Novice: 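I have a structure here, written as structure tokens, and I will follow up with some questions on it.
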Amino acid sequence: MNRVRPLPDPDHLPALDRRFLIDRPAIGLGADQPPPRILLLYGSLRDRSFSRFAVEEAARLLELFGAETRIFDPSDLPLPDQVSGDDHPAVRDLRELSMWSEGHVWCSPERHGTITGIMKTQIDHLPLEMKGMRPTQGRTLAVMQVSGGSQSFNAVNTLRLLGRWMRMFTIPNQSSVAMAYKEFDEAGRMKPSSYYDRIVDVMEELVRFTVLLRPHAAQLVHRYSERKQAGVPVDRASDLSAIATARA
């Protein structure tokens, strides 16, 4: 089973006014090649899933900005601990996609004032540490939500908390689409609106932060506690901070 969803009409962006578009939003911030790798997660299994529609709009924009995207399909993802050792193909695929990525986009519906179980299940299957590898640490993150009623920020606030817990760099901007059933047409495409414009803003910012942090991500999360746990002492001969502060 292929758990990477195909992106319909990747080059068709009817709500976008290209007169105001910067094609390479990260230019001047660092090397944007190879393309930034972004994993997108959504939080509803409905046939007409507005969180999936919003993620697809985000993926189209990211690809327009020069990124490479993957949308994970959680339709057969088991609950955490439902399968012994989490030994399930969907769990393995999700973790491999996160290892592949440099950044994430998370979009959840707001249900009962928080994120959905589908959204939380995906995040719960991403361990902080896995055989010496860290599937989320040091990656950038953009958070979005869709609501059936008036605009709310409960889901994005929860996703921010989770992003911090997963040791990710959550960008400042975010998207919250109110009364989402009014914002998408029958084909699942987002109509022109300030909500769509905000998603453009968020994806521009995600690309910028991903490129900006790319050469520094490993150093920014190079932690004392992890070096100690791994039993890897600092090599003073190559530690630039020790060299800079050494007495003559």
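Note that the structure is predicted; figures quoted are calculated from it, not measured.
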Novice: Just do the side chain to side chain contact (heavy atoms under 4.5 Å, CB included) check on Glu56 and Arg5 with the steps written out, would you?
Specialist: CA-CA 10 Å; Glu56 289 173 349; Arg5 288 189 64 92; 4.2 Å; yes
Novice: Taking Ser98 for the side chain and Leu94 for the main chain, is one N or O donor matched with an acceptor at less than 3.5 Å?
Specialist: no
Novice: Give the cluster check for Val83 versus Val91: same hydrophobic cluster or not, with ILVMFWY residues linked at side-chain heavy-atom distances below 4.5 Å.
Specialist: no
Novice: For the side chain of Gln145 and the backbone of Ser152, is there at least one donor-acceptor N/O pair under 3.5 Å apart?
Specialist: yes
Novice: Trp165 versus Ile123: any side-chain heavy-atom pair under 4.5 Å?
Specialist: no
Novice: Assess whether side chain to side chain contact (heavy atoms under 4.5 Å, CB included) is satisfied between His88 and Asp76, documenting all intermediate values.
Specialist: CA-CA 10 Å; His88 187 279; Asp76 70 332; 3.9 Å; yes
Novice: How many angstroms lie between atom OG of Ser150 and atom CD of Glu110, to the nearest 0.5 angstrom?
Specialist: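 Going from OG on Ser150 over to CD on Glu110, the span is 8.5 Å.
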Novice: Could you tell me whether the side chain of Arg198 and the main chain of Ser193 form a donor-acceptor pair under 3.5 Å?
Specialist: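 No; zero donor-acceptor contacts below 3.5 Å.
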Novice: Using a 3.5 Å distance criterion without hydrogens, assess whether the side chain of Arg52 forms a donor-acceptor pair with backbone atoms of Asp47.
Specialist: yes
Novice: Are Tyr196 and Val55 connected, step by step, through hydrophobic side chains (Ile, Leu, Val, Met, Phe, Trp, Tyr) whose heavy atoms are closer than 4.5 Å?
Specialist: yes
Novice: Counting C-beta onward and ignoring hydrogens, is there a side-chain heavy-atom pair between His125 and Pro80 closer than 4.5 Å?
Specialist: yes
Novice: Within the structure provided, determine whether Glu63 and Phe65 are in side-chain contact (heavy-atom separation under 4.5 Å).
Specialist: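 The answer is no; the side chains never approach within 4.5 Å.
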Novice: Looking at every non-hydrogen atom in both residues, tell me the closest pair between Ala180 and Val146 and how far apart they are.
Specialist: CB-CB, 4.0 Å
Novice: Which atom names give the shortest non-hydrogen contact between Met144 and Val105, and what distance separates them?
Specialist: CE-CG1, 4.0 Å
Novice: Check whether Ser44 reaches the backbone of Ser49 with its side chain - one donor and one acceptor, N or O, closer than 3.5 Å.
Specialist: no
Novice: Would Leu64 and Arg18 count as a side chain to side chain contact (heavy atoms under 4.5 Å, CB included) if you check the C-alpha gap in whole Å, the side-chain angles of each, and the deciding distance to 0.1 Å?
Specialist: CA-CA 11 Å; Leu64 180 64; Arg18 293 176 183 260; 3.6 Å; yes
Novice: Is it the case that over 12 heavy atoms from other parts of the model lie below 6.0 angstrom from the CZ atom of Arg24?
Specialist: no
Novice: Are the side chains of Lys120 and Asp124 in touch, meaning some heavy atoms are under 4.5 Å apart?
Specialist: yes
Novice: Just wondering, do Tyr195 and Gln151 contact through their side chains at under 4.5 Å, heavy atoms?
Specialist: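 SC-SC contact between Gln151 and Tyr195 confirmed.
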Novice: Of the non-hydrogen atoms in Pro127 and Pro135, which two are nearest, and what is the gap between them?
Specialist: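 Minimum heavy-atom contact is O-CD, 3.1 Å.
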Novice: I'd like to know if Arg92 pairs up with Asp87 as an ion pair, taking the criterion as any Lys NZ or Arg NE/NH1/NH2 lying under 4.0 Å from an Asp or Glu carboxylate oxygen.
Specialist: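 Salt bridge: yes.
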Novice: Under a single-linkage definition using a 4.5 Å side-chain heavy-atom cutoff for Ile, Leu, Val, Met, Phe, Trp and Tyr, are Leu128 and Trp106 assigned to the same hydrophobic cluster?
Specialist: yes
Novice: If you measure from CG on Leu126 to CG on Leu41, what distance do you get to the nearest 0.5 Å?
Specialist: 7.0 Å
Novice: Are Val207 and Val143 joined in one hydrophobic group, where the rule is that I, L, V, M, F, W and Y side chains link up if heavy atoms are under 4.5 Å apart?
Specialist: no
Novice: Is the backbone N or O of His104 less than 3.5 Å from a side-chain atom of Ser101, with the two atoms forming a donor-acceptor pair by type?
Specialist: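 Absent.
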Novice: Are the side chain of Thr140 and the backbone of Phe209 linked by a donor-acceptor contact shorter than 3.5 Å?
Specialist: no
Novice: Starting at CZ of Arg95, measure out to CE of Met99 and round the result to the nearest 0.5 Å.
Specialist: 11.5 Å
Novice: Does Thr121 reach the main-chain N or O of Gly117 with its side chain, forming a donor-acceptor pair under 3.5 Å?
Specialist: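 Yes, Thr121 side chain to Gly117 backbone: donor-acceptor pair under 3.5 Å.
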Novice: Tell me, with the steps shown, if Arg37 and Glu68 meet salt bridge (charged side-chain N to carboxylate O under 4.0 Å, His left out).
Specialist: CA-CA 5 Å; Arg37 302 181 302 276; Glu68 186 178 357; over 6 Å; no
Novice: Check Tyr181 against Phe50 and note the closest heavy-atom contact, atom names and distance.
Specialist: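 Minimum heavy-atom separation between Tyr181 and Phe50: CA-CZ, 3.5 Å.
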Novice: In Å, rounded to the nearest 0.5 Å, how long is the span from CG of Leu159 to CZ of Phe153?
Specialist: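 Between Leu159 CG and Phe153 CZ, I get 13.5 Å after rounding to 0.5 Å.
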Novice: Applying side chain to side chain contact (heavy atoms under 4.5 Å, CB included) between Thr210 and each of Ile38, Leu62, Asp32, report the one that passes.
Specialist: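 One option only clears the test, and that one is Ile38.
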Novice: I need the minimum non-hydrogen distance between Gly113 and Asn154, along with the two atoms involved.
Specialist: O-CB, 3.1 Å
Novice: Within a 6.0 Å radius of atom CD on Gln229, are there more than 12 heavy atoms belonging to other residues, nucleotides or ligands?
Specialist: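 For Gln229, atom CD is not crowded (no more than 12 foreign heavy atoms under 6.0 Å).
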Novice: I'd like to know if Asp185 and Arg189 make a salt bridge, using a cut-off of under 4.0 Å between side-chain N and carboxylate O.
Specialist: no
Novice: For the residue pair Met203 and Pro25, establish whether any side-chain heavy-atom pair is separated by less than 4.5 Å.
Specialist: no
Novice: I'd like to know if the side chain of Gln122 reaches the main chain of Ile118, judged simply by a donor and an acceptor atom lying under 3.5 Å from each other, with no hydrogens or angles considered.
Specialist: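 Looks like yes, one N/O pair under 3.5 Å.
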Novice: Supply the atom-to-atom distance Arg164 CZ to Phe169 CZ, rounded to the nearest 0.5 angstrom.
Specialist: 13.5 Å
Novice: Cluster question for you: counting only ILVMFWY and a side-chain heavy-atom cut-off of under 4.5 Å, with indirect links fine, are Phe53 and Leu13 together?
Specialist: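 Per the 4.5 Å side-chain linkage, Phe53 and Leu13 are co-clustered.
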Novice: Take Leu61 and Leu16, measure what side chain to side chain contact (heavy atoms under 4.5 Å, CB included) needs, and give me the verdict at the end.
Specialist: CA-CA 9 Å; Leu61 290 163; Leu16 186 68; 4.2 Å; yes
Novice: Would you give the length of the straight line joining atom CG of Leu97 to atom CZ of Arg70, rounded to the nearest 0.5 angstrom?
Specialist: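 Here the interatomic distance stands at 7.5 Å.
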Novice: Taking atom types as modelled, find out whether Gln174 and Ser176 have a side-chain donor-acceptor pair closer than 3.5 angstrom.
Specialist: no
Novice: State, yes or no, whether a side-chain contact exists between Glu226 and Arg134 at a heavy-atom distance under 4.5 Å.
Specialist: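 Yes, side chains in contact.
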Novice: Quick test of your reading of the model: are Asp9 and Arg60 salt-bridged, counting only N-O distances below 4.0 Å?
Specialist: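 Judged by the 4.0 Å cut-off on N to carboxylate O distance, Asp9 and Arg60 do not form a salt bridge.
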Novice: Sub-3.5 Å donor-acceptor pair from the side chain of Lys191 to the main-chain atoms of Lys182, do we have one?
Specialist: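 Yes: the side chain of Lys191 pairs with the backbone of Lys182.
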Novice: Looking only at non-hydrogen atoms, find the nearest pair between Val211 and Leu29 and report the distance.
Specialist: CG1-C, 4.3 Å
Novice: Are the side chains of Met119 and Arg111 in touch, meaning some heavy atoms are under 4.5 Å apart?
Specialist: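 Heavy-atom side-chain distance check fails, nothing below 4.5 Å.
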